[in-house]
Structure formats: C-alpha cells, structure tokens
Amino acid sequence: MIDKKVRLIAVLGETAEQATMLLTKILRSAGFIVSTLNQEEHSCKDALMTASKICDFIILNASLLKEDILKDFNLETILVLCDAEEVNANFIEKFNNIILPYSFSENLSIKEKNVLFYSINSNEADLIAKNINPQDDKTVFELLGTGVIGRVKLSKSSQLSVELVLAVSSTLVAMGVPLAVVLNVINQL
C-alpha cells in the first residue's frame, strides 16, 4: 500500500492532458484523493498549498512549474515524460522520481534520482509493451517489467496510444499502485 505522503505528478508532453485524465481516473478508482491543477502560473502556488493539505496525489501539467515553486512544499515529486522530444536536464533535477521513454536513457545524466524507463522497442527498459496486436476494435498487448506482467485490451474508442498507456502504467507502478488496479481501469475504457 502507498504511504500517505502527498505526491505531485507533473506530466510533460503533447498528450499531457490525456495522461492526466487517465492517471486521475485510475488513482480515484483505487480510492485515492486526487486533485488536478490547471491554474495559470501565478496561482499555481496557492492551488498547490490547498491541494497538498487534502489530497493523496496532485497532478498537473509540468509547464505550470516555470518557477522553482516545488522547494516550498514537502511533496514527493514525479516527472512523467509522455511524448516530449526533449527536456531540460536542469528541469528534471527538480524531481525526486522520473518516468522517461527509454530513448532518453543515453542522452541524460541523472544523478541520485529514481528513474524508471518505459519502451515499446527496447527490452532494456524497466516496463515494456510487448506483443502489440492491433485488432479491429482494440489493441492487445502485454506489459512486462521486473515482477510485473499484465495483459492490456485497449479499446480503439478510448483513443489512447500504447505509448501513453505505458507511460501512465509505469508511473502508477512506480508509485506502488498494483498493476491489477491499473489494468482493470484501462481494460474497461
């Protein structure tokens, strides 16, 4: 079970909005109190202050964190890169945990961080989507990682990509959410 320390998940990439919605849906279905912040930069600090008092998880678009406002909060921070082409190494250093596509593994030198890599191409990643099988009404694939394996049946009507589901699943598994809970929600979409 996850301890009660408040966690802030900052999502970066073109599909950040979809990732935020999926993260929120899965975490709420697991019984967590989740706040999604969409505030402009000037009110983000106030919103974080309020949400950090009542929530288990706070999810926001990483672009809202332009200032170094995280230092004012005692939050466990997670940065999730969904589909960003590049990211500033100094920005990454602000986070305790980082979830990245495996393609970033050779380009970044991240010191003293908890990093989890995901991939649909490399068996070297921590969480991998394998045996991807597009069908008429769904895409079926397996999630494989250290100690975890699960089958995903992703409905085409959900309009979610395998990569996005992999990024979200990696984030939740890294935070201690059981893969069975994650898969249950995804397979119902």
Side-chain angles (χ1 to χ4, degrees), residues 1-3 7 9-32 34 56-57 59 62 76-87 92 95-110 112-189:
M1 188 66 180
I2 299 174
D3 63 37
R7 293 179 166 98
I9 302 173
V11 185
L12 188 62
E14 289 182 24
T15 57
E17 188 175 327
Q18 280 184 304
T20 297
M21 289 188 305
L22 186 55
L23 283 161
T24 302
K25 184 173 188 130
I26 293 169
L27 287 167
R28 286 184 177 155
S29 73
F32 294 103
V34 180
D56 300 307
F57 286 88
I59 305 172
E76 182 173 348
T77 56
I78 302 103
L79 175 64
V80 182
L81 255 61
C82 291
D83 52 13
E85 297 284 325
E86 59 184 54
V87 65
I92 286 179
F95 296 89
N96 307 110
N97 304 284
I98 305 148
I99 313 299
L100 296 168
Y102 188 74
S103 59
F104 280 82
S105 66
E106 296 175 4
N107 301 332
L108 291 175
S109 96
I110 303 167
E112 300 176 20
K113 299 288 177 180
N114 292 322
V115 180
L116 188 140
F117 291 105
Y118 63 88
S119 179
I120 61 171
N121 300 316
S122 174
N123 291 333
E124 301 297 316
D126 299 295
L127 196 64
I128 307 160
K130 296 292 270 181
N131 303 320
I132 301 169
N133 182 10
Q135 299 174 1
D136 290 339
D137 60 340
K138 64 186 173 231
T139 300
V140 178
F141 61 96
E142 295 168 344
L143 286 179
L144 305 171
T146 306
V148 297
I149 185 168
R151 188 167 205 65
V152 177
K153 296 176 185 168
L154 185 62
S155 169
K156 297 241 173 151
S157 65
S158 72
Q159 298 183 335
L160 298 173
S161 69
V162 172
E163 292 87 354
L164 179 67
V165 168
L166 186 56
V168 167
S169 299
S170 298
T171 303
L172 295 169
V173 168
M175 296 299 95
V177 176
L179 185 59
V181 171
V182 175
L183 295 179
N184 185 46
V185 174
I186 292 170
N187 287 333
Q188 291 179 24
L189 296 175

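Nothing here was measured: the structure is a model prediction, and the numbers come from that model.
Closest approach of Val181 and Ser29 over heavy atoms only: CG1-OG, 4.4 Å. Here the closest non-hydrogen pair linking Leu100 and Leu81 is CD2-CD2, 3.5 Å. Scanning all heavy atoms of the two residues, the minimum distance from Val11 to Ala19 falls at CG1-CB, 3.7 Å. Closest approach of Cys82 to Pro101, counting heavy atoms only: O-CG, 4.4 Å.
Just one of Val182, Leu23, Leu79, Leu166 meets the side-chain contact (heavy atoms from CB on, under 4.5 Å) condition when paired with Thr171; it is Leu23. Of the options Leu183, Leu189, Leu154, a side-chain contact (heavy atoms from CB on, under 4.5 Å) to Val165 is made by Leu154 and by none of the others. Checking each of Val80, Leu116, Leu143 against Ser170 for a side-chain contact (heavy atoms from CB on, under 4.5 Å) leaves exactly one that passes, namely Leu116.
Between Leu27 and Ile9, some side-chain heavy-atom pair lies under the 4.5 Å cut-off. Looking only at side-chain heavy atoms (C-beta outward), Thr15 and Ser161 stay at 4.5 Å or farther from each other. Looking at Ile99 and Tyr118, their side chains come closer than 4.5 Å, going by heavy atoms from C-beta outward.
From Ser158, atom OG reaches atom CD of Gln188 across 12.5 Å, with rounding to the nearest 0.5 Å. In this structure, CD1 in Ile120 is found 15.0 Å from OH in Tyr102, a value given to the nearest 0.5 Å. Note that the OG1 atom of Thr20 and the NZ atom of Lys25 stand 14.5 Å from one another [nearest 0.5 Å]. The line from NZ of Lys130 to CD1 of Ile149 is 11.5 Å long, rounded to the nearest 0.5 Å. How far CD1 of Ile78 is from CG of Asn97: 5.5 Å, rounded to the nearest 0.5 Å. Leu127 CG to Leu172 CG: the interatomic distance, rounded to the nearest 0.5 Å, is 10.5 Å.
In this structure, Glu17 places its CD atom where only 12 or fewer heavy-atom neighbours from other residues, nucleotides or ligands lie under 6.0 Å away.
Between the side chain of Arg28 and the backbone N or O of Val34 there is at least one donor-acceptor pair closer than 3.5 Å. Although no hydrogens or angles enter the test, the distance criterion places no donor-acceptor pair under 3.5 Å between the side chain of Lys156 and the main chain of Pro134. Between the side chain of Gln18 and the main chain of Gln159, a donor-acceptor pair closer than 3.5 Å is present.
When the side chain to side chain donor-acceptor pair (under 3.5 Å) test is applied to Asn133, no partner is found at least two apart in sequence or on another chain. With sequence neighbours left out, the ring pair (Phe, Tyr, Trp, His ring centres under 6.0 Å) criterion links Phe141 to no other residue.
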Show your reasoning for whether side-chain contact (heavy atoms from CB on, under 4.5 Å) applies to Val152 and Asn187. CA-CA 6 Å; Val152 177; Asn187 287 333; 3.9 Å; yes

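Side chain to side chain, Glu76 and Asn96 fail the donor-acceptor criterion of an N or O pair below 3.5 Å.
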